[in-house]
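Only a predicted model underlies this, so the values are computations on that prediction, with no experimental measurement involved. Below, chains carry the letters A, B, ... as their sequence lines are ordered, and counting in each starts from 1.
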Amino acid sequence: MLRFVPLIVFVVLAGFLARGLMLDPSELPSPLIDRAAPDFELPTVDDAAVTVSRRDLEGEVWVLNVFASWCAACVTEHPVISALGDEPGVRLVGLNYKDAPKAAMEWLARFGNPYDALLDDREGRVGLDYGVYGVPETFVIDRAGRVRYKHIGPIDEETLRATVQPLLSELTATPS
Amino acid sequence: MTVASRAAHGKRLSRIVLFVGSLAVAGVAHAQSPDTPAAAPGRAAPLVAFESAEQRALYETLLEEYRCLKCQNQNLADSNAALAGDLRREVYERVVAGVPRSAIDSYLIERYGEFVLYRPRFRATTWLLWIGPFLLLGIAGLYAMRLARRSRSEVRVEADRIDEARALLRDER
């Protein structure tokens with residue numbers, strides 16, 4: 001029995017290391033999942049006089065998409081986000097993260113504007129409250145105001161179809 | 001000790017050495033993450049003003065111990081990422097306002113998770129991380145002791161047998 005100890009230690013260690021190799025270290029679990037979405041009140045990108053707060057979205061199923069005109073991956077993701085904008089019963093909110101409103105408007109004029117509301121988070125403070133560390137990021141929030149899902153990096157079609165859309169239809173089907 | 005038993009003993013010993021050695025290598029690989037170089041030249045932290053030396057010390061300790069989420073192998077003090085700058089600002093504002101360290105920890109953990117701490121807290125999910133190395137060392141020590149004891153008793157048995165054989169030879173003569 002004793003002679004197998006090094007073998008056992010090796011197998012256990014190799015198991016952990018193999019698992020570690022298969023994980024993506026840049027994808028962190030969000031502590032926000034199933035917790036209340038952080039409060040915010042921000043001016044909109046298209047009109048600084050109009051502000052939108054989290055309370056305006058109470059009772060709704062909404063998607064918060066963090067994007068910026070300086071973010072290359074956001075261009076890749078944009079068709080998928082646009083498809084999200086067509087989702088019935090879902091409000092698509094864009095958080096324009098650390099960006100100039102003028103640059104953002106030009107970017108949206110070029111690639112299309114699918115957002116129901118566009119928030120200007122010039123200093124990135126709201127992004128910080130949402131634990132944003134890599135743009136683009138996307139959050140799904142239910143009628144009770146809880147974060148149900150977070151995606152870091154661009155959403156691809158596969159994730160949209162397999163994960164996001166089923167979750168959204170489930171959430172919109174539940175009455176508030 | 002006969003040539004054969006000495007060879008067997010040597011083999012055992014080298015196996016023990018190999019085993020303990022491989023554990024030591026694993027330990028080094030394991031321990032590499034938390035320590036970051038202190039005051040590296042050209043660090044990214046901006047010049048900031050403090051009311052007291054304690055506040056400055058707290059601020060500097062915290063920046064060493066929080067991980068930058070954007071470039072995960074750097075702490076907040078060393079990182080040039082925009083996000084690290086934002087987090088430095090948040091930490092600074094809290095330190096100057098006299099917010100205690102535990103509250104600043106929770107502020108970051110609420111947003112980014114335990115991962116933001118280079119020195120994880122002792123929790124149900126992290127206890128193995130903290131005591132694992134000592135556990136492994138203990139197991140290795142026990143294993144080495146048992147191996148050593150067994151080989152010593154084998155040598156004794158062989159020595160007894162040789163004495164017996166000698167006695168037999170003497171009697172036959």
A.B. asks: Could you tell me whether B/Glu93 and A/Arg125 have a side-chain N and a carboxylate O separated by less than 4.0 Å?
C.D. replies: yes

A.B. asks: Is the gap between the ring centers of A/Trp107 and A/Phe67 under 6.0 Å?
C.D. replies: yes

A.B. asks: Centres of the A/Tyr149 and A/Phe139 rings: under 6.0 Å?
C.D. replies: no

A.B. asks: With a 4.5 angstrom heavy-atom cut-off, could you sort out which part of B/Ala81 is near chain A: side chain, backbone, both or neither?
C.D. replies: neither

A.B. asks: Would you check if the side chain of A/Asp116 reaches a backbone N or O of A/Leu92 as a donor-acceptor pair within less than 3.5 Å?
C.D. replies: yes

A.B. asks: May I ask you to say whether B/Arg111 pairs ionically with A/Asp129, meaning some side-chain N is under 4.0 Å from a carboxylate O?
C.D. replies: yes

A.B. asks: In this structure, is the centre-to-centre distance between the rings of B/Tyr66 and B/Tyr112 below 6.0 Å?
C.D. replies: no

A.B. asks: Can you tell which part of A/Phe16 gets under 4.5 Å to a heavy atom of chain B, answering side chain, backbone, both or neither?
C.D. replies: neither

A.B. asks: What part of B/Glu114 gets within 4.5 angstrom of chain A, counting heavy atoms only: side chain, backbone, both, or neither?
C.D. replies: neither

A.B. asks: Could you look at B/Leu108 and say if it's the side chain, the backbone, both or neither that has a heavy atom under 4.5 Å from chain A?
C.D. replies: neither

A.B. asks: Please confirm whether B/Arg56 makes a cation-pi placement over B/Phe50, using NZ or CZ under 6.0 Å from the six-membered ring centre and within 45° of the ring normal.
C.D. replies: no

A.B. asks: Is the backbone N or O of A/Pro136 less than 3.5 Å from a side-chain atom of A/His151, with the two atoms forming a donor-acceptor pair by type?
C.D. replies: no

A.B. asks: Can you pull out the residues in residues 34-51 of chain A with any heavy atom less than 4.5 Å from chain B?
C.D. replies: A/Arg35

